Amino acid sequence: MRWSAALFVVFASLTIGPSVFAGGRVYIDSTHTRLLSEAQRAILNDQFDQADSIADCITALSPRDPAGRVSRAASMLARMTWAEDDLFGVRFERLLDTIQRLCTTELDSADRGRKAWLYLFLGHTQAYRSLYESKFGSSFTAVRFGLRTRTYYGAGLEQDSSLTDLYFGLGSYHYWKSVKAGVFRWLGLFHNDIKLGITELYRAADSSLFSRDVSRSALAWVWLDREQYDSVITLTESLRQSYPLGTSFLWPLARSRWDKKEYAAAYDVYSQLRGLLIKQPGNYFNLVECDYYLSACREKAGDKVAAAVEAVRLNEYDRYIPPRTRERQADKLRFLARLIESVETTASTE
């Protein structure tokens with residue numbers, strides 16, 4: 001999983017946490033908040049079928065409320081990001097259309113607290129579209145949808161500034177917009193809001209009752225981007241304990257260990273990642289990713305024989321790798337093939 005993609009998983013999972021209006025009023029009722037909490041935990045543990053089932057149950061209980069469908073969309077985006085594959089296509093886009101229609105229909109009659117949540121949902125539909133396009137569609141379209149998120153998040157804060165989930169959305173927008181702006185920021189079209197984004201993410205992580213874990217995970221990706229590896233490790237090690245079946249927290253942890261040249265520690269994390277991946281077959285992009293780093297860790301440690309042994313596991317699934325994945329992972333596949341060839345050459349000479 002690429003580091004930016006994993007951030008998107010965290011971003012996608014935000015809206016499905018239990019929700020509270022200003023003044024302590026529970027969003028919907030205790031049954032819904034319990035189900036929403038269970039759905040969030042299932043997504044963060046990569047238990048997507050379970051998350052989908054819970055989301056469908058929520059929608060059945062309240063067909064006109066967007067929350068269940070937002071949960072379903074979050075699960076779909078998380079699953080696609082996990083698999084590095086466009087698994088749903090038009091189905092995903094139609095679901096976002098439905099969420100947007102439900103939100104806009106209700107806005108005129110909603111009170112201020114409810115409007116804040118509706119704007120949050122609307123902001124995330126745009127974020128989901130942007131993230132989907134950035135991975136499987138048009139970069140230009142991704143930017144267009146991404147820019148719309150701020151409008152909805154800002155409108156939500158005007159209705160209820162205590163809704164800290166909105167600061168999570170704004171913080172993610174401000175940071176990554178600034179980091180990825182490139183020449184547009186140089187031309188003065190985008191402001192440098194990196195510090196603002198980090199501040200907003202910290203506010204969400206510190207004051208949110210139900211979104212602290214996803215906010216902390218988002219900060220881990222920020223710290224990885226800024227090469228503050230110790231901060232990444234501190235954040236992700238605790239999340240790793242809370243969500244033992246989830247992979248999204250392990251990627252930044254593994255990469256931080258690798259970038260710090262702590263190859264034994266990196267090997268351990270990539271091993272755990274691989275063990276989780278093979279329990280849900282089909283994720284060949286990330287299997288290649290893990291086998292590359294497992295082999296590279298052994299090679300960096302000076303053990304070329306062990307590196308080759310790790311690489312040989314590619315033979316177990318090489319014939320199943322889709323052409324698009326093979327193209328995207330071409331460099332790493334060549335690295336593994338070189339190591340495998342060294343094993344075969346040694347065996348033939350003996």
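Treat the numbers as computed from the prediction; the structure is a model and nothing was measured.
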Exercise for the section: Could you give me the CA-CA distance, side-chain angles and deciding distance for Leu77 and Thr81, then say whether side chain to side chain contact (heavy atoms under 4.5 Å, CB included) is met? Expected result: CA-CA 6 Å; Leu77 182 58; Thr81 305; 4.2 Å; yes

Problem - Exercise: identify the closest heavy-atom pair between Glu299 and Ala307 - result: N-CB, 3.7 Å

Exercise for the section: Answer yes or no: are there more than 12 heavy-atom neighbours, outside Arg313 itself, under 6.0 Å from its atom CZ? Expected result: yes

Handout entry: Arg144 side chain vs Ser130 backbone, donor-acceptor pair below 3.5 Å
Key = no

Handout entry: Test item: Asn45 side-chain N/O and Leu245 main-chain N/O as donor-acceptor pair under 3.5 Å
Key = yes

Handout entry: Exam field: side chain Asp259 to backbone Glu227, donor-acceptor pair closer than 3.5 Å
Key = no

Practice task
Measure the spacing between OH of Tyr128 and CG of Leu95 and express it to the nearest 0.5 Å.
Solution key: 10.0 Å

Problem - Neighbour count >12 (heavy atoms, 6.0 Å) for atom NZ, Lys300 - result: no

Handout entry: Check: Asp56 main-chain N/O paired with Thr59 side-chain donor or acceptor under 3.5 Å
Key = no

Completion exercise
Separation between CG (Leu35) and CD1 (Ile58), nearest 0.5 Å, reads 5.0 Å

Exercise for the section: State plainly whether the residues Arg112 and Asp160 are in salt-bridge range, i.e. N to O under 4.0 Å. Expected result: no

Handout entry: Residues Tyr243 and Asp46: side-chain donor-acceptor under 3.5 angstrom
Key = no

Problem - Between Ser238 and Arg216, a side-chain donor and acceptor under 3.5 Å - result: yes

Handout entry: Donor-acceptor contact present, side-chain Gln159 to main-chain Ala116, <3.5 Å
Key = no

Problem - Basic-acidic side-chain contact under 4.0 Å: Lys332, Asp291 - result: no

Exercise for the section: Answer yes or no: is there an ion pair linking Asp97 with Arg69, defined by an N-O contact shorter than 4.0 Å? Expected result: no

Practice task
For the pair Tyr320 and Tyr284, name the ring-plane relationship: parallel under 30°, tilted 30 to 60°, perpendicular over 60°.
Solution key: parallel

Handout entry: Parallel, tilted or perpendicular: ring planes of Trp251 versus Tyr270, cut at 30 and 60 degrees
Key = perpendicular

Problem - Tyr292 and Gln329: side chain donor to acceptor below 3.5 Å - result: no

Exercise for the section: Flag yes if Ile278 and Val312 sit in one hydrophobic cluster, no otherwise; membership is Ile, Leu, Val, Met, Phe, Trp, Tyr, and two members link when side-chain heavy atoms are under 4.5 Å apart. Expected result: yes

Handout entry: More than 12 heavy atoms from other groups under 6.0 Å of CZ on Arg94
Key = no

Problem - Ser295 side chain vs Ala311 backbone, donor-acceptor pair below 3.5 Å - result: yes

Handout entry: Distance, nearest 0.5 Å, that separates OH of Tyr175 from CH2 of Trp221
Key = 12.5 Å

Completion exercise
Between the CG atom in Leu196 and the OH atom in Tyr167, the distance rounded to the nearest 0.5 Å is 10.0 Å

Practice task
Start with the C-alpha gap between Arg240 and Glu237, add the side-chain angles, then the distance that decides, and say whether salt bridge (charged side-chain N to carboxylate O under 4.0 Å, His left out) holds.
Solution key: CA-CA 5 Å; Arg240 180 186 190 183; Glu237 284 286 7; 3.2 Å; yes

Exercise for the section: Could you tell me whether a side-chain N or O of Ser53 sits under 3.5 Å from a main-chain N or O of Asp49, the two making a donor and an acceptor? Expected result: no

Handout entry: Derivation of the side chain to side chain contact (heavy atoms under 4.5 Å, CB included) call for Leu44 and Phe249
Key = CA-CA 9 Å; Leu44 294 178; Phe249 311 118; 4.1 Å; yes

Practice task
Calculate, to the nearest 0.5 Å, the distance between atoms CG and OG1 belonging to Leu273 and Thr247 respectively.
Solution key: 6.5 Å

Practice task
Decide if the gap between the ring center of Phe92 and the ring center of Tyr132 is smaller than 6.0 angstrom.
Solution key: yes

Problem - Salt bridge flag under 4.0 Å for residues Arg328 and Glu84 - result: yes

Handout entry: side chain to side chain contact (heavy atoms under 4.5 Å, CB included) between Leu87 and Phe48, intermediate numbers included
Key = CA-CA 13 Å; Leu87 301 173; Phe48 305 119; over 6 Å; no

Exercise for the section: Look at the side chain of Arg129 and the backbone N and O of Thr141, then say whether any donor-acceptor pair between them is shorter than 3.5 Å. Expected result: no

Problem - Salt-bridge present (Asp230, Lys260; N to O < 4.0 Å) - result: yes

Practice task
Assess the pair Trp223 and Tyr229: is the distance between their ring centroids shorter than 6.0 Å?
Solution key: no

Exercise for the section: Please answer whether the main-chain N or O of Arg34 pairs with a side-chain N or O of Ser37 as donor and acceptor at a distance below 3.5 Å. Expected result: no

Exercise for the section: Output yes when a side-chain donor or acceptor of Ser75 lies under 3.5 Å from a complementary backbone atom of Ser71, and no otherwise. Expected result: no

Completion exercise
Rounded to the nearest 0.5 Å, the NE2 atom of His174 sits from the CD1 atom of Ile198 at a distance of 13.0 Å

Problem - Lys/Arg-Asp/Glu bridge criterion (N-O < 4.0 Å) met for Glu341, Arg338 - result: no

